Asker: 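First the structure, then my questions, so here it is.
Quick caveat, the model's predicted, so the values are computed rather than measured. In the text below, chain A, chain B and the rest are named by the order of the sequence lines, each starting its count at 1.
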Number of protein chains: 2
Amino acid sequence: MFTIMLICLQSRLGVRKIQKNGDALDRNLSTRAMVEMTSTWDALEDVFSMHFARYGLSSAKFNALIRLYMTGDRGLTQSELGKKMLVSRANITGLIERLEKEDLVVRGADPSDKRVFRVCLTDRAVMLMNAFLPAHNNFMHKVMSAFDRHEKEVFIALLEKLKKGLESV
Amino acid sequence: MFTIMLICLQSRLGVRKIQKNGDALDRNLSTRAMVEMTSTWDALEDVFSMHFARYGLSSAKFNALIRLYMTGDRGLTQSELGKKMLVSRANITGLIERLEKEDLVVRGADPSDKRVFRVCLTDRAVMLMNAFLPAHNNFMHKVMSAFDRHEKEVFIALLEKLKKGLESV
DNA sequence: CTAAGACTGTTAATATGTTTACAATAATGT
DNA sequence: ACATTATTGTAAACATATTAACAGTCTTAG
């Protein structure tokens, strides 16, 4: 996404003129927080991409497989899957096609509703996930090992607060 | 990206068995931190997408325009622009084409190197940026207004620490 | 029961990114 | 001077996402 936001532009933009007891400092901190959030996310994407690739996965594929894995034998319709993944129905069509080509999912007709397909994991996909999930868990733990327990708690609380604040932006 | 990581899977995976004085708690906190980071980023993407759209921009377009805006009249070659934006050369070709269609950039031949184009902002783009940048600054400030000054400082420090730790993952 | 409306999956057009391969041009070492 | 090497922009193939429009299929109000 918007890799770097914009830094060091406050002075050009005349923000200095409206400076009143620390207002400019606050704005600068806001910008720095956004820049740091962006570059940290970029770095996270990089390491997770490599991690997924070691198992022939990607974030999109993992996102689909984990929903199906947690659902069980009945599977999900494409529409349901899209809602859980927070992506559009149209996107699911292609994603499922690619997973089908890799023999990771199968699509079965639903006798009670001719509009829909029920998507299920193959045995191969279940085995893949059984191998991947513990590794994934370890990986997330390793990624967060820069933090001690207290720092993790503070980090989580701040992220929750930030996300909550976005509702009113 | 990988919208949700995986939560509540520790018990199924037998992590409980290796629990030793809080190990499982630490792993759980790592997962929660990653989940919270992901969903907060998703929420940020949403509000920023809308913010960019109000000015006919997107994160990719803004990313290109801000580099050119900060460079001045000589402009950048496509290759230089790609390096600053941290995207591939191939991606720049299409991005510049779209910006050219919108009359936001022009590509001029470089007399001293026949391989390259020099990409520059149009007057229209400069006017757009002059209007957008103060609004962008305000917007980032608004997004971060959930935090007081101290929280911003802590948030920045934690993100820096996390990013630094990723170098050794 | 039927007409109206809602929902499903697909398609097409588009945006954004990648890798790989290529031809044109530049730079360099001997 | 010339052969090798490096760099540049483009193109093709692909992955991932969106919105809009469509044709079937269900549901529901009357």
Side-chain angles (χ1 to χ4, degrees), chain A residues 1-4 38 41-42 45-46 48-50 52-53 55-65 67 75-102 104-119, chain B residues 1-4 38 41-42 45-46 48-50 52-53 55-65 67 75-102 104-119:
Chain A
M1 214 226 166
F2 46 100
T3 310
I4 293 281
T38 304
W41 180 258
D42 281 357
E45 272 197 322
D46 282 350
F48 271 94
S49 286
M50 286 190 292
F52 283 131
Y55 289 79
L57 292 173
S58 64
S59 55
K61 286 177 189 173
F62 173 71
N63 195 3
L65 296 181
R67 309 306 174 143
L76 296 169
T77 68
Q78 296 189 188
S79 191
E80 287 166 348
L81 183 55
K83 273 171 199 154
K84 292 201 189 233
M85 292 175 65
L86 307 178
V87 300
S88 66
R89 252 166 34 230
N91 185 27
I92 297 291
T93 299
L95 187 53
I96 293 299
E97 267 169 24
R98 291 191 291 273
L99 289 170
E100 216 173 14
K101 253 184 226 164
E102 291 187 65
L104 291 171
V105 303
V106 284
R107 291 195 292 185
D110 184 327
S112 70
D113 188 338
K114 286 172 190 167
R115 291 172 303 180
V116 310
F117 285 122
R118 299 208 75 85
V119 183
Chain B
M1 215 228 164
F2 45 100
T3 311
I4 293 283
T38 304
W41 180 259
D42 282 357
E45 272 198 321
D46 282 351
F48 271 94
S49 285
M50 286 189 293
F52 283 131
Y55 288 80
L57 292 173
S58 63
S59 55
K61 286 177 190 173
F62 173 70
N63 195 4
L65 296 181
R67 309 308 171 140
L76 296 169
T77 68
Q78 295 189 187
S79 190
E80 287 166 349
L81 182 56
K83 274 170 199 155
K84 293 202 188 233
M85 291 175 66
L86 307 177
V87 300
S88 66
R89 247 163 43 225
N91 185 26
I92 297 293
T93 299
L95 187 53
I96 293 299
E97 266 169 25
R98 292 190 290 274
L99 288 171
E100 215 172 15
K101 252 185 227 164
E102 291 189 63
L104 290 171
V105 303
V106 285
R107 290 195 292 185
D110 184 328
S112 70
D113 188 338
K114 287 172 190 167
R115 290 172 304 180
V116 311
F117 286 121
R118 300 208 74 85
V119 183

Asker: Does any part of the side chain of Leu95(A), heavy atoms only, come nearer than 4.5 Å to the side chain of Val87(A), both counted from C-beta?
Answerer: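 Heavy-atom side-chain distance check fails, nothing below 4.5 Å.
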
Asker: Looking at every strand, decide which applies to Thr93(A) at a 4.0 Å heavy-atom threshold: base, sugar-phosphate, or nothing.
Answerer: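 Base contact.
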
Asker: Can any side-chain N or O of Arg118(A) pair as donor or acceptor with the backbone N or O of Gly75(A) at less than 3.5 Å?
Answerer: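 Side chain of Arg118(A) to backbone of Gly75(A), a donor-acceptor pair under 3.5 Å: yes, one is there.
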
Asker: What is the minimum heavy-atom distance between Ile96(A) and Val105(A), and which atoms define it?
Answerer: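 Shortest heavy-atom separation between Ile96(A) and Val105(A) comes out as O-CG2, 3.9 Å.
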
Asker: Let me know the distance between CE of Met85(B) and C1' of dA15(C), rounded to the nearest Å.
Answerer: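 Taking atom C1' of dA15(C) as the reference, CE of Met85(B) is at 13 Å.
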
Asker: Give a yes or no on whether the backbone of Phe117(B) and the side-chain of Arg107(B) come within a donor-acceptor separation of less than 3.5 Å.
Answerer: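 Not a single qualifying donor-acceptor pair exists.
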
Asker: Taking the minimum atom-to-atom distance to the side chain of Phe117(A), which one of dG17(C), dG9(C), dT8(D) wins?
Answerer: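 Closest nucleotide among those given: dG9(C).
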
Asker: Quickly work out the Leu57(B) CG to dT16(C) P distance and round it to whole Å.
Answerer: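 So the CG-P distance, Leu57(B) to dT16(C), works out to 10 Å.
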
Asker: Rounded to whole angstroms, how far apart are CG on Asn91(B) and P on dA12(D)?
Answerer: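 Roughly 17 Å, once rounded to whole Å.
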
Asker: Atom NZ of Lys114(B) and atom P of dT25(C): how far apart are they, to the nearest Å?
Answerer: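 Distance, rounded to whole Å: 7 Å.
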
Asker: Give the minimum heavy-atom separation between Arg67(B) and Lys84(B), together with the two atoms involved.
Answerer: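 Arg67(B) and Lys84(B) have their closest heavy atoms at NH1-O, 3.0 Å.
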
Asker: From CG of Leu104(B) over to P of dA15(C), roughly how many Å is that when rounded to an integer?
Answerer: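 It works out to 13 Å between those atoms.
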
Asker: For a quick test of reading the model: is some side-chain N or O of Gln78(B) closer than 4.0 Å to OP1 or OP2 of dT10(D)?
Answerer: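 Yes, Gln78(B) has a side-chain N/O under 4.0 Å of OP1/OP2 on dT10(D).
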
Asker: Between P on dT14(C) and CD on Glu102(B), what's the gap in Å once rounded to a whole number?
Answerer: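 Atom-to-atom, Glu102(B) to dT14(C), this comes out as 13 Å.
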
Asker: Output yes when at least one side-chain N/O atom of Arg107(A) is less than 4.0 Å from OP1 or OP2 of dT10(C), else no.
Answerer: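 Result: yes.
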
Asker: Reckon Arg89(B) has a side-chain N or O less than 4.0 Å from the OP1 or OP2 of dT19(C)?
Answerer: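 Checking dT19(C) against Arg89(B), no side-chain N or O comes under 4.0 Å of OP1 or OP2.
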
Asker: Provide the closest heavy-atom pair for Ser79(B) versus Arg89(B) in the form atom of the first, atom of the second, distance.
Answerer: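 Ser79(B) and Arg89(B) have their closest heavy atoms at OG-CD, 3.7 Å.
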
Asker: Is Ser88(A) near enough to dA17(D) that one of its side-chain N or O atoms lies under 4.0 angstrom from OP1 or OP2?
Answerer: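 Looking at the OP1 and OP2 atoms of dA17(D), neither is under 4.0 Å from any side-chain N or O of Ser88(A).
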
Asker: Using the side-chain heavy atoms of Arg98(A), tell me which of these nucleotides is nearest: dT16(C), dA15(D), dA17(D).
Answerer: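 So the side chain of Arg98(A) is nearest to dA15(D).
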
Asker: Closer than 4.0 Å, any side-chain N/O of Ser58(B) to the OP1 or OP2 of dT16(C)?
Answerer: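 Yes, such a contact exists.
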
Asker: Can you check the Glu100(B) CD to dG9(D) P distance for me, whole Å?
Answerer: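 In whole Å, dG9(D) P and Glu100(B) CD are 13 Å from each other.
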
Asker: Which nucleotide in the list dT20(C), dG9(D), dT10(C) gets nearest to the side chain of Val116(B)?
Answerer: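 Side chain of Val116(B) sits closest to dG9(D).
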
Asker: Return the value, rounded to whole Å, for the distance between atom CD of Glu45(A) and atom P of dA15(D).
Answerer: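 In whole Å, dA15(D) P lies 18 Å from Glu45(A) CD.
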
Asker: Distance criterion of 3.5 Å, no angle test: do you see the side chain of Arg115(A) paired donor-to-acceptor with the base of dG9(C)?
Answerer: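 Result: no qualifying N/O pair found.
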
Asker: Nearest to the side chain of Lys83(B), heavy atoms from C-beta on, is which of dA12(D), dT8(D), dG9(C)?
Answerer: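 Of dA12(D), dT8(D), dG9(C), dT8(D) is nearest to the side chain of Lys83(B).
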
Asker: Can you confirm whether Leu65(A) sits close enough to Leu99(A) that some side-chain heavy atom of one is under 4.5 Å from a side-chain heavy atom of the other?
Answerer: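 The answer is yes, as the side chains (C-beta and beyond) meet within the 4.5 Å cut-off.
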
Asker: If we fit an axis to the first five pairs and another to the last five of the helix from dC1(C)-dG30(D) to dT30(C)-dA1(D), what angle do they make, to the nearest 10°?
Answerer: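 It works out to 10° between the end axes.
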
Asker: Could you tell me if the side chain of Ser59(A) sits less than 4.5 Å from the side chain of Phe52(A), heavy atoms only?
Answerer: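 Contact flag for Phe52(A)/Ser59(A) side chains = yes.
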
